Amino acid sequence: MTSCSIVWFRKDLRVHDHQPLVRAAKSAGPVVAVYIFDPKEYEQTEYGFPKTDKHRAQFIRESVEDLRANLEALGVTLLVRHGDPAAVFHHLSQKLSIEEVYVHEEIGSEEREVEGRVRKQLPDASFTVDHGHNLYYPSDLPFDIHDLPDTFSQFRKRIEKAGTMVRPALAPPTRITGLVLPDDLEEGDIPSLSELGLGELEREPRYKGGSSQAKERLIDYMFTKDRLKVYKETRNGMLKEDDSSKFSPWLANGCLSPKVVYEQIRTYEDKHVKNESTYMLYFELLWRDYFHLVHRKYGDRLFYPSGLRDVTVPWNENEAHMEAWMKGETGYPLVDAAMRELSATGFMSNRARQNVASFFTKNLGLDWRIGAAWFESQLVDYDVASNYGNWLYIAGVGNDAVQFRAFNVEKQAKDYDPDGSYLRYWLPELRELPTPWIFSPREMGMVEQEQYEVVLGEDYPLPVVDLYESMQRRKAEFLGAVKG
Ligand SMILES: Cc1cc2nc3c(=O)[nH]c(=O)nc-3n(C[C@H](O)[C@H](O)[C@H](O)COP(=O)(O)OP(=O)(O)OC[C@H]3O[C@@H](n4cnc5c(N)ncnc54)[C@H](O)[C@@H]3O)c2cc1C
């Protein structure tokens, strides 16, 4: 049997800044790459929707296609399989003598469980696992992971005070000795959405997967459009593509290394301008690192109803409220616009995410884990640590020092979408409403409803809860639970 090394790609769909690939290039034998579509990732959750729905699935499909082309240019074949990873590696071990497996570390328990089963199939192969998803390596931090501060600002101060360095991003190897595939081993096709058990997309994907697209967006946002210099002022916008970087789909799927973004920020600062906006983009990447470290420190506590706190918060069960939230039919325009945007495109701005998550937990009082699972299903940029970490934070059971923080979704819409253009874009039934009414159609009397031809309860839903009363009730329940 032919001896070889394998680079196993998971959430690192790129060839730049890829330590496992660099290591494999230096290894003695020929190299082959593997990507596996694990059916478990596409199964229905206990809540009745797919764990990975079509938006992210399509993004991953495109990213794998791009990865295959980029590896081909380096002389390496990417084998694509659809099946249980342990079974796939078992099958490969019948055809190839696998000496080494190079892989990036995944901190999620599901990924580690799968990796454990794969290792059992390859008892004679050596595994080399590298860190590669963040700006900072855990071993470079000025503290042990168990001493990670429980607030972001303490974490940031510790990093900045210690002057912790971001290691340079690695260039891709120029040439690798690729394995010549034996006749009975096929490259394998990328499964279609229907083969993954998912429905077809109803519109063109908003973001195209692949590290080639990631680089295009990076250059376009920072240099061609020169948007980085105003990032701080625009980042809370909800409608325009260039309000924020939109790097997250590529960062989350590993098509883009955060170290490359960091280096481009520094280049931009040298060539253009260094200001609060350039610092702010670094600051947001640091939030990403922070949530990854929180996950590393707390493991599966990230998924507990009580999160990182020792409180038992009573979460409500209400199917109708849940449905209304998911479909964007709560009667609160900001929540509805954002939830419809999520279903249609797999994306939502950070400002909108904060609001819909706050409404879910602080007005509807629903179990935050179901909201997080819906985000996991729909988001093209889903990342376990960032998603669950942010949900915990908003639900009040994570890394927020404030006891009870809730967003007023009507005030937020006025503050961050003052002309109502985001609301009108996603809520066609409210398009003709003049600005004061678009923020709170619930306040329209019969005269206005007739005048603007929006009948509440028919053309647009009546509010599912009273905004103020629900928040006050929730606050009392929550603080009661905290006091015990
Ligand atoms: C409830 C909730 C769930 C979220 N789920 C995810 C998720 O699954 N995946 C994800 O990548 N982000 C998540 N975020 C964080 C944030 O909303 C997105 O990263 C951001 O909206 C992506 O848009 P952007 O790339 O234009 O961000 P920018 O504002 O341009 O920020 C640049 C990058 O910094 C990182 N970043 C920014 N804000 C955060 C943050 N609060 N937490 C972690 N990283 C951040 C992202 O990688 C982002 O691409 C969530 C936020 C909330 C409130």
Side-chain angles (χ1 to χ4, degrees), residues 11 51-52 55-56 59 108 133-135 152 155-156 206-207 214 217-218 220-222 227-228 230-262 264-265 277-295 302 307 325 335 338-339 341-342 345-362 368-400 405 407 412 416:
K11 290 179 177 144
K51 189 168 159 60
T52 305
H55 299 296
R56 189 164 70 260
F59 191 91
H133 290 312
N134 302 106
L135 286 179
F152 170 75
F155 162 72
R156 180 180 60 80
R206 179 157 166 182
Y207 302 111
R217 174 63 189 166
L218 188 65
D220 198 45
Y221 177 77
M222 283 196 193
R227 295 293 295 180
L228 180 52
V230 291
Y231 171 73
K232 184 167 181 270
E233 291 80 50
T234 60
R235 56 187 277 273
N236 276 305
M238 294 185 282
L239 184 60
K240 296 193 197 107
E241 220 36 72
D242 295 328
D243 282 342
S244 62
S245 75
K246 307 296 189 303
F247 296 158
S248 60
W250 294 285
L251 283 167
N253 291 287
C255 304
L256 179 62
S257 159
K259 286 191 261 155
V260 168
V261 180
Y262 177 82
Q264 291 301 322
I265 296 173
S277 285
T278 58
Y279 174 75
M280 184 62 81
L281 187 61
Y282 158 76
F283 180 94
E284 294 303 333
L285 290 174
L286 202 56
W287 262 110
R288 180 176 177 276
D289 263 36
Y290 182 62
F291 282 125
H292 284 218
L293 290 166
V294 167
H295 190 14
L302 227 64
W325 181 81
V335 177
M339 294 308 292
E341 178 186 17
L342 178 65
T345 69
F347 191 84
M348 189 196 286
S349 67
N350 187 55
R351 178 59 43 188
R353 288 182 208 202
Q354 290 176 318
N355 273 278
V356 302
S358 171
F359 188 80
F360 191 84
T361 53
K362 304 288 171 63
W368 68 270
R369 292 172 306 164
I370 306 176
W374 180 245
F375 266 37
E376 173 172 354
S377 173
Q378 298 301 305
L379 280 176
V380 81
D381 66 9
Y382 167 72
D383 164 80
V384 57
S386 301
N387 189 52
Y388 283 84
N390 272 291
W391 268 94
L392 283 180
Y393 187 99
I394 303 268
V397 290
N399 307 87
D400 190 358
R405 190 196 298 271
F407 289 71
Q412 288 270 310
Y416 293 99

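The first residue in the sequence is number 1, and the count goes up from there. Worth saying up front: this structure is predicted, and the values here are computed from it rather than measured. Numbering of ligands and ligand atoms starts at 1, following listing order.
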Residue, atom name and distance, where the atom is the protein heavy atom closest to [atom]:
{"atom": "atom 33 (C) of ligand 1", "result": "Leu285 CD2, 4.0 Å"}
{"atom": "atom 17 (O) of ligand 1", "result": "Asn350 OD1, 2.7 Å"}
{"atom": "atom 30 (O) of ligand 1", "result": "Ser245 OG, 2.6 Å"}
{"atom": "atom 3 (C) of ligand 1", "result": "Asn387 OD1, 3.5 Å"}
{"atom": "atom 10 (C) of ligand 1", "result": "Asp381 O, 3.5 Å"}

Are the side chains of [X] and [Y] in touch, meaning some heavy atoms are under 4.5 Å apart?
{"X": "Pro249", "Y": "Arg56", "answer": "no"}
{"X": "Phe247", "Y": "Leu281", "answer": "yes"}
{"X": "Val335", "Y": "Phe360", "answer": "no"}

Heavy-atom proximity to [atom], best of [options]:
{"atom": "atom 45 (C) of ligand 1", "options": "Glu284, Glu241, Met280", "value": "Glu284"}
{"atom": "atom 12 (N) of ligand 1", "options": "His292, Arg353, Glu376", "value": "Arg353"}
{"atom": "atom 49 (O) of ligand 1", "options": "Ser248, Ser349, Ala357", "value": "Ser248"}

Is [X] near ligand 1, meaning one of its heavy atoms is under 4.0 Å from it?
{"X": "Tyr231", "answer": "yes"}
{"X": "Tyr290", "answer": "no"}
{"X": "Arg235", "answer": "no"}

Of all heavy-atom pairs between [X] and [Y], which one has the smallest distance, and what is that distance?
{"X": "Asp243", "Y": "Thr234", "answer": "O-OG1, 2.7 Å"}
{"X": "Glu341", "Y": "Ser349", "answer": "OE1-N, 4.5 Å"}
{"X": "Ser277", "Y": "Val230", "answer": "OG-C, 3.4 Å"}
{"X": "Val356", "Y": "Ala338", "answer": "CG1-CB, 3.6 Å"}

Near [X], which atoms of ligand 1 are under 4.0 Å from a heavy atom of that residue?
{"X": "Gln354", "value": "53 (C)"}
{"X": "Phe291", "value": "42 (N), 43 (C)"}
{"X": "Asp383", "value": "7 (C), 8 (O), 9 (N)"}
{"X": "Ser244", "value": "24 (P), 26 (O), 29 (O), 30 (O)"}

Applying the side chain to side chain donor-acceptor pair (under 3.5 Å) criterion to Tyr207, which one of His55, Glu241, Lys246 satisfies it?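 Among His55, Glu241, Lys246, the one meeting side chain to side chain donor-acceptor pair (under 3.5 Å) with Tyr207 is Glu241.
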
N/O of Asn390 under 3.5 Å from N/O of ligand 1, yes or no?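 N/O-N/O distance below 3.5 Å exists for this pair.
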
Nitrogen or oxygen atoms of Lys246 and ligand 1 under 3.5 Å apart: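 Min N/O separation from ligand 1 is below 3.5 Å for Lys246.
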
Counting only N and O atoms by type, is there a donor-acceptor contact under 3.5 Å from the side chain of Thr345 to the main-chain atoms of Arg206?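 No.
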
Backbone N/O of Ile394 and side chain of Lys362: donor-acceptor pair under 3.5 Å: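 Indeed, once roles are kept as given, a pair shorter than 3.5 Å links the two residues.
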
Take atom NZ in Lys51; do more than 12 heavy atoms of anything else shown fall under 6.0 Å from it?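 Result for NZ/Lys51: enclosed.
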
What part of [X], side chain, backbone, both or neither, has a heavy atom within less than 4.0 angstrom of ligand 1?
{"X": "Ala252", "answer": "neither"}
{"X": "Leu251", "answer": "side chain"}
{"X": "Phe375", "answer": "side chain"}
{"X": "Phe347", "answer": "side chain"}

Do Trp287 and Phe152 pass the ring pair (Phe, Tyr, Trp, His ring centres under 6.0 Å) test, and can you show the C-alpha distance, the side-chain angles, and the key distance before you say yes or no? CA-CA 7 Å; Trp287 262 110; Phe152 170 75; 4.0 Å; yes

For Phe59, the option from Leu379, Val380, Asp381 that meets side-chain contact (heavy atoms from CB on, under 4.5 Å):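 Per the side-chain contact (heavy atoms from CB on, under 4.5 Å) rule, the option paired with Phe59 is Val380, out of Leu379, Val380, Asp381.
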
